Chemist: 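Submitted below is the structure of interest, expressed as structure tokens.
This one's a predicted model, so the numbers in the text were calculated from it and none came from an experiment.
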Amino acid sequence: MGQHLNGLESTMEAFKSWFFLDDAIVCLGAGIASEDGVPVETIVDNRRTETSLTRGENWAYLEGHGGYVVPGEVRTLQEKRTHGQVSRSYATLWLDHGVDPTSAGYFYMLLPGASAEETQARAADLAWVDVLANTARQQAVRIPSLGITAANFWNEGTAGPLTASAPCAVLARENPDGTATVSVSDPRRDLTELTVTWHRPTTKILQSHPLVTNATPGRQLTLTFGDLSHQHGTSITVTISA
């Protein structure tokens, strides 16, 4: 999922992506900029809870909720907020980008339902996820153990092994049986044509889609799509033999 964020009645801008996996959400932010003369923050979580927040070097854990892996400096606060006669406890985690950042960014992972031990283990293995790109043009990750490469293209270009001719979202997945799938979507619903290249050897197309106008396997896989604007942002999937 991706979001091009423009602040309401402000100059703030940011490009944000979330990659949803079985046990984690990989969060990327890039191109964070503002000229309003005020601090800019990314809220990792702001949660009403009575449980304690545990901090590590590059992780945090909130009992009963899950873990957070945040390479770099994350700020935390536990406080009781009172309004009238009602008082409630909150835990907040956030990233401080400073006043008027010009091109700030971030990378962190949410681990819903994880234990403290699972959170620490993931924090100790940051190579589990490879951030291929994190700019205002492309945001992409690869998870080698899952065979997943995923990218949001805000502009045409290349992110890791994926190249797109126009803004789109791409998910490539290598399966244990030697097959692979490439799923492409047009969230903006304005593409009349699109070419996506996966720079990976493939042998043949096992299952295509009517909107794929050309599919060329070989030393790399090139897929050409027709008009995607009427797909309402839903994905088109092609299955190949690796």
Side-chain angles (χ1 to χ4, degrees), residues 1-21 24-46 68-72 74 93-110 129-143 148-172 182-198 211 223 225-237:
M1 184 171 68
Q3 179 187 35
H4 180 190
L5 175 66
N6 284 282
L8 296 175
E9 299 181 352
S10 80
T11 63
M12 187 180 68
E13 183 180 31
F15 295 84
K16 302 162 71 71
S17 290
W18 296 265
F19 301 93
F20 298 91
L21 306 166
I25 304 169
V26 181
C27 309
L28 298 183
I32 302 172
S34 176
E35 298 178 351
D36 299 318
V38 297
V40 176
E41 302 169 346
T42 294
I43 306 301
V44 176
D45 207 341
N46 180 47
Y68 313 83
V69 176
V70 190
V74 60
L93 300 90
W94 76 97
L95 306 171
D96 185 359
H97 304 302
V99 177
D100 289 348
T102 57
S103 185
Y106 62 78
F107 153 61
Y108 64 88
M109 286 184 282
L110 304 177
V129 57
D130 183 12
V131 178
L132 302 174
N134 189 21
T135 71
R137 295 182 63 83
Q138 295 95 26
Q139 293 177 303
V141 299
R142 183 170 184 267
I143 298 87
I148 288 176
T149 303
N152 278 329
F153 288 90
W154 301 104
N155 299 88
E156 76 285 349
T158 298
L162 298 172
T163 297
S165 64
C168 63
V170 182
L171 171 63
V182 179
S183 300
V184 175
S185 66
D186 170 25
R188 304 194 314 179
R189 295 178 292 176
D190 63 0
L191 293 180
T192 56
E193 62 178 1
L194 172 69
T195 299
V196 171
T197 300
W198 188 12
L211 287 177
L223 301 172
F225 301 84
D227 191 346
L228 298 175
S229 62
H230 302 298
Q231 287 297 112
H232 308 291
T234 58
S235 62
I236 302 298
T237 299

Chemist: For Val99 versus Gly37, what's the shortest heavy-atom pair and its separation?
Modeler: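 Reported closest heavy-atom pair: CG1-C, 3.6 Å.
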
Chemist: May I ask you to check whether over 12 heavy atoms, not counting those of Glu193, lie within 6.0 Å of atom CD?
Modeler: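 Open.
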
Chemist: Which atom pair, heavy atoms only, marks the closest approach of Trp18 to Cys27?
Modeler: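 For Trp18 and Cys27, the tightest heavy-atom pair comes out as CD1-SG, 3.7 Å.
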
Chemist: Give the minimum heavy-atom separation between Pro167 and Asn155, together with the two atoms involved.
Modeler: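 Scanning both residues completely, I find the closest heavy atoms to be CG-CA, 4.2 Å.
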
Chemist: Between the main-chain N or O of Arg137 and the side-chain N or O of Thr135, is there a donor-acceptor pair closer than 3.5 Å?
Modeler: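 Answer holds: yes.
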
Chemist: Evaluate the side chain to side chain contact (heavy atoms under 4.5 Å, CB included) criterion for residues Ser229 and Leu191: first the C-alpha distance (whole Å), next the side-chain angles of each, then the deciding distance (0.1 Å), finally the verdict.
Modeler: CA-CA 5 Å; Ser229 62; Leu191 293 180; 5.9 Å; no

Chemist: Return the minimal non-hydrogen interatomic distance between Ala166 and Leu194, and the atom names on each side.
Modeler: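 Reported closest heavy-atom pair: N-CD1, 3.8 Å.
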
Chemist: With the side chain counted from C-beta on, respond yes when Tyr108 and Val69 share a heavy-atom pair under 4.5 Å apart, and no when they do not.
Modeler: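 Of all side-chain heavy-atom pairs linking Val69 with Tyr108, none is under 4.5 Å.
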
Chemist: Quick one: does Val44's side chain get under 4.5 Å of Leu110's, heavy atoms only?
Modeler: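 In short, these two side chains touch, coming nearer than 4.5 Å.
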
Chemist: Look up atom CG in Asp186 and atom OG1 in Thr234, then write down how far apart they are to the nearest 0.5 Å.
Modeler: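 Reported to 0.5 Å precision, the distance equals 9.5 Å.
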
Chemist: Do Asn134 and Tyr106 come within less than 4.5 Å of each other through their side chains, counting heavy atoms only?
Modeler: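 No, side chains not in contact.
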
Chemist: Starting at SG of Cys168, measure out to CG of Asp190 and round the result to the nearest 0.5 Å.
Modeler: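 The SG atom of Cys168 sits 11.0 Å away from the CG atom of Asp190.
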
Chemist: Might you point out which heavy atoms bring Val40 and Pro101 nearest each other, and give the distance in Å?
Modeler: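 Minimum heavy-atom separation between Val40 and Pro101: CG2-CD, 3.7 Å.
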
Chemist: Find out whether Thr149 and Pro161 are in side-chain contact, i.e. whether some heavy atom of one side chain is under 4.5 Å from a heavy atom of the other.
Modeler: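 The answer is yes, as the side chains (C-beta and beyond) meet within the 4.5 Å cut-off.
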
Chemist: Within the side chain of Asp36, is there an N or O that forms a donor-acceptor pair under 3.5 Å with the backbone of Val38?
Modeler: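 The answer is no, because no donor-acceptor pair under 3.5 Å joins these two groups.
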
Chemist: Checking Thr158 against Thr163: is there a side-chain donor and acceptor pair closer than 3.5 Å?
Modeler: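 Yes, because at least one side-chain N or O of Thr163 sits under 3.5 Å from a partner of the opposite role on Thr158.
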
Chemist: Using the ring of each side chain (for Trp, its six-membered ring), is His4 parallel, tilted or perpendicular to Phe15, with breaks at 30° and 60°?
Modeler: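 His4 and Phe15: parallel rings.
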
Chemist: Could you report the tightest heavy-atom contact between Arg189 and His232, atom names first, then the distance?
Modeler: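 Nearest heavy atoms, Arg189 then His232: CD-CA, 3.4 Å.
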
Chemist: What is the distance from atom CD of Gln138 to atom CG of Leu162, rounded to the nearest 0.5 Å?
Modeler: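 Answer for the CD-CG pair, Gln138 versus Leu162, is 10.5 Å.
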
Chemist: Can you tell me how far CD1 of Ile236 sits from CZ of Phe225, rounded to the nearest 0.5 angstrom?
Modeler: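 Rounded to the nearest 0.5 Å, the CZ-CD1 separation comes to 7.5 Å.
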
Chemist: With the side chain counted from C-beta on, respond yes when Val74 and Leu95 share a heavy-atom pair under 4.5 Å apart, and no when they do not.
Modeler: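 Val74 vs Leu95: side chains touch.
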
Chemist: Could you tell me whether the side chain of Val129 reaches within less than 4.5 Å of the side chain of Phe107, counting heavy atoms only?
Modeler: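 With C-beta onward as the side chain, the pair touches.
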
Chemist: From Trp154 CH2 over to Ser17 OG, what is the distance, rounded to the nearest 0.5 angstrom?
Modeler: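 It comes to 5.0 Å.
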
Chemist: Should we count CD of Glu35 as having more than 12 external heavy atoms under 6.0 Å?
Modeler: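 No, the 6.0 Å shell around CD holds no more than 12 heavy atoms from other groups.
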
Chemist: Nearest 0.5 Å, please: how far is CG in Leu28 from CZ in Phe19?
Modeler: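 That separation rounds to 5.0 Å.
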
